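The structure appears right after this line, and notes come after that.
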Amino acid sequence: MPQLLEIVLLPHERDNEALLLQKAARQSGLRPDQIAHIEILKSSLDARTRHAVYRLRVEVYAQGEIFTPEPAILDGFKPVDGAKTVLIIGAGPAGYFAALELLEKGIKPIVLDRGKDAQSRRRDLRAIQQFGEVNPHSNYCFGEGGAGTYSDGKLYTRSIKRGNVYKALKLLVEHGSKSDILTEAHPHIGSNKLPGVVQNIHATIEKYGGEVHFEQFVTDFILKNERILGVVTQEVGEKPGTSEWLADAVIVATGHSARDIYRLLHRHNIRIESKPFALGVRVEHPQSLIDEIQYKQNQRDENLPAASYSLVCQIAGRGVFSFCMCPGGLIVPAATAPGEIVVNGMSMSRRDSPYANSGVVTSVEVEDLAPWQKHGVFAAMEFQSEVERRLFAAGDGSQKGPALRLPDFIAGKMSNRLPGTSYIPGFYPAPLYDLLPPFIYKRLREGLSQFGKQMRGYYTEEATVVATESRTSSPVRIPRDPVTLMHPEMERLFPCGEGGGYAGGIISAAMDGQNVARAVALAI
Ligand SMILES: Cc1cc2nc3c(=O)[nH]c(=O)nc-3n(C[C@H](O)[C@H](O)[C@H](O)COP(=O)(O)OP(=O)(O)OC[C@H]3O[C@@H](n4cnc5c(N)ncnc54)[C@H](O)[C@@H]3O)c2cc1C
């Protein structure tokens with residue numbers, strides 16, 4: 001039996017294999033030459049004390065004990081024979097991982113996405129960043145890999161009971177991600193690496209007989225007697241036209257920003273429900289300041305990663321919390337239609353930007369939305385959209401971010417000048433205290449004051465608050481049976497991922513895709 005040990009290493013010792021062997025030998029009572037293999041199971045950074053350390057959970061195999069590496073999941077893939085076909089709307093993590101799982105089950109997936117392939121998307125991202133032009137089909141949320149491709153690429157999930165996290169991570173590794181995501185306590189890929197991984201998944205889908213089609217905007221469903229038979233798409237590329245696609249089942253994995261899909265479902269009387277979500281702002285600090293606070297060092301040890309934080313408090317019975325913290329990251333314009341201001345955060349794998357940003361949001365419940373109840377199931381979605389449009393209307397028609405210095409946001413007054421930012425379109429001072437809905441502003445103001453007390457140094461003139469952080473999760477749920485994962489009233493329609501209300505993040509969306517694919521395989 002291998003010995004299970006915890007080995008503590010200083011940041012500069014972390015990649016020193018000789019030292020790891022020495023420490024493993026000392027702690028296991030073996031001589032270094034008696035150790036056949038050290039398997040790292042988990043590596044976590046512990047910055048609670050004055051000197052941060054890495055804690056490694058390892059298995060030590062003595063000579064004669066056999067370490068068997070896990071076989072590659074892709075080794076089990078075979079070309080599908082095409083007998084059964086499933087349409088997947090959306091090439092995000094939910095859609096692509098559903099496609100991989102279907103291939104494993106011998107079923108042919110056909111993935112349709114309104115956006116472009118990962119490479120071609122870049123031009124549209126540049127157009128948003130530099131010229132404020134938002135393509136409603138190709139942006140930070142829409143296109144190959146979905147909202148996950150040009151995201152921050154944090155792969156940590158709390159949804160460990162919802163599926164097989166290890167399998168999702170291992171598939172990412174088998175498609176080009178670094179293997180340390182399997183052992184890091186807070187794994188991260190980065191926006192520069194994600195597109196390559198996504199393109200490799202695309203290649204696998206095609207290699208084993210699946211199909212992926214871009215610029216296919218699903219505009220209608222083909223229905224017969226409470227059963228879905230297929231979808232209609234509009235081609236949004238250079239040759240406009242419509243196509244019909246028929247299959248044995250349809251997985252709807254369109255993400256939290258596909259408002260037209262919710263409207264389409266509603267038009268066909270396919271039940272959807274309004275759902276609580278969270279809305280707020282993004283706060284940006286100099287990364288050096290966050291490092292100083294978290295590591296208690298004037299200058300970060302070069303062997304330590306950019307520091308992060310996680311803050312939460314209760315204001316009048318509602319949570320205010322930091323969300324999607326991006327150390328060494330950038331704030332990006334994540335609108336999915338012209339006329340909206342939406343911000344989000346991302347980072348490169350090295351997390352080396354001089355800024356740290358995170359969403360700071362508060363939950364929006366049904367009780368908060370009395371004036372929007374006239375919109376029925378769209379109450380939360382209309383509220384979300386209205387806030388985004390109001391923030392856009394306050395500006396000059398570009399994607400410049402309406403912002404205030406943190407102390408001014410809390411004091412409810414305009415800032416004369418704003419600090420530098422990672423947000424390429426730039427910030428301008430705007431009265432966020434008037435532009436945000438009063439109940440949101442009030443909770444955020446109180447919450448941010450509390451964060452200033454919880455984390456000394458957080459409350460500073462150097463921090464900027466920018467609106468709107470509004471795409472935290474879906475404001476609509478598409479119901480499904482808990483066992484069959486099928487829509488209760490529409491046979492063979494499978495809501496999936498974040499858009500259905502069943503995931504919040506890359507890995508949970510990927511796992512939901514896998515779960516749904518398994519349910520589909522049982523149903524068809
Ligand atoms: C900038 C940014 C940073 C993020 N950072 C992180 C992070 O660090 N870690 C993390 O876990 N999560 C992060 N997220 C969230 C994460 O990306 C999402 O939770 C995840 O992508 C949801 O996966 P999904 O497959 O359910 O939906 P999506 O990824 O949203 O994919 C939906 C797909 O459906 C397509 N689609 C929509 N409507 C139609 C239609 N009518 N016809 C055809 N196709 C359609 C879209 O084009 C899109 O490709 C981030 C998101 C953004 C925007």
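These figures come from a predicted structure and were not determined experimentally. In listed order, ligands and their atoms are each counted from 1. Numbers here simply count residues along the sequence, with the first being 1.
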>> Looking only at distances, can you tell me whether any N or O atom of Leu155, backbone or side chain, sits closer than 3.5 Å to an N or O atom of ligand 1?
In response: no
>> Just to be sure I read this right, does ligand 1 sit under 4.0 Å from the backbone of Met346, its side chain, both, or neither, counting only heavy atoms?
In response: neither
> What atoms in ligand 1 come closer than 4.0 Å to a heavy atom of Gly255?
Replying inline: 27 (O), 28 (P), 30 (O), 32 (C)
> Less than 3.5 Å between some nitrogen or oxygen of Asp113 and one of ligand 1, yes or no?
Replying inline: yes
>> If the cut-off is 4.0 Å to any non-hydrogen atom of Gly497, which atoms of ligand 1 fall inside it?
In response: 26 (O)
>> Could you check whether any heavy atom of Ala503 sits closer than 4.0 Å to an atom of ligand 1, since that is the contact criterion I want to use?
In response: no
>> Under 4.0 Å from a heavy atom of Gly143: which atoms of ligand 1 are those, numbered in the order shown and with their elements?
In response: 47 (O), 49 (O)
> How close does the nearest protein non-hydrogen atom get to atom 22 (C) of ligand 1, and which residue and atom is it?
Replying inline: Glu498 OE1, 3.2 Å
>> Distance under 4.0 Å to a non-hydrogen atom of Gly153: what atoms of ligand 1 satisfy this?
In response: 7 (C), 8 (O)
> Strictly under 4.0 Å, does any heavy atom of Gln216 approach an atom of ligand 1?
Replying inline: yes
> Where's the contact between Ala253 and ligand 1, heavy-atom distance under 4.0 Å: side chain, backbone, both or neither?
Replying inline: backbone
> Do Asn139 and Thr336 have a side chain donor and acceptor closer than 3.5 Å?
Replying inline: no
> When you look for heavy atoms under 4.0 Å from ligand 1, do you find them on the side chain of Ala334, its backbone, both, or neither?
Replying inline: neither
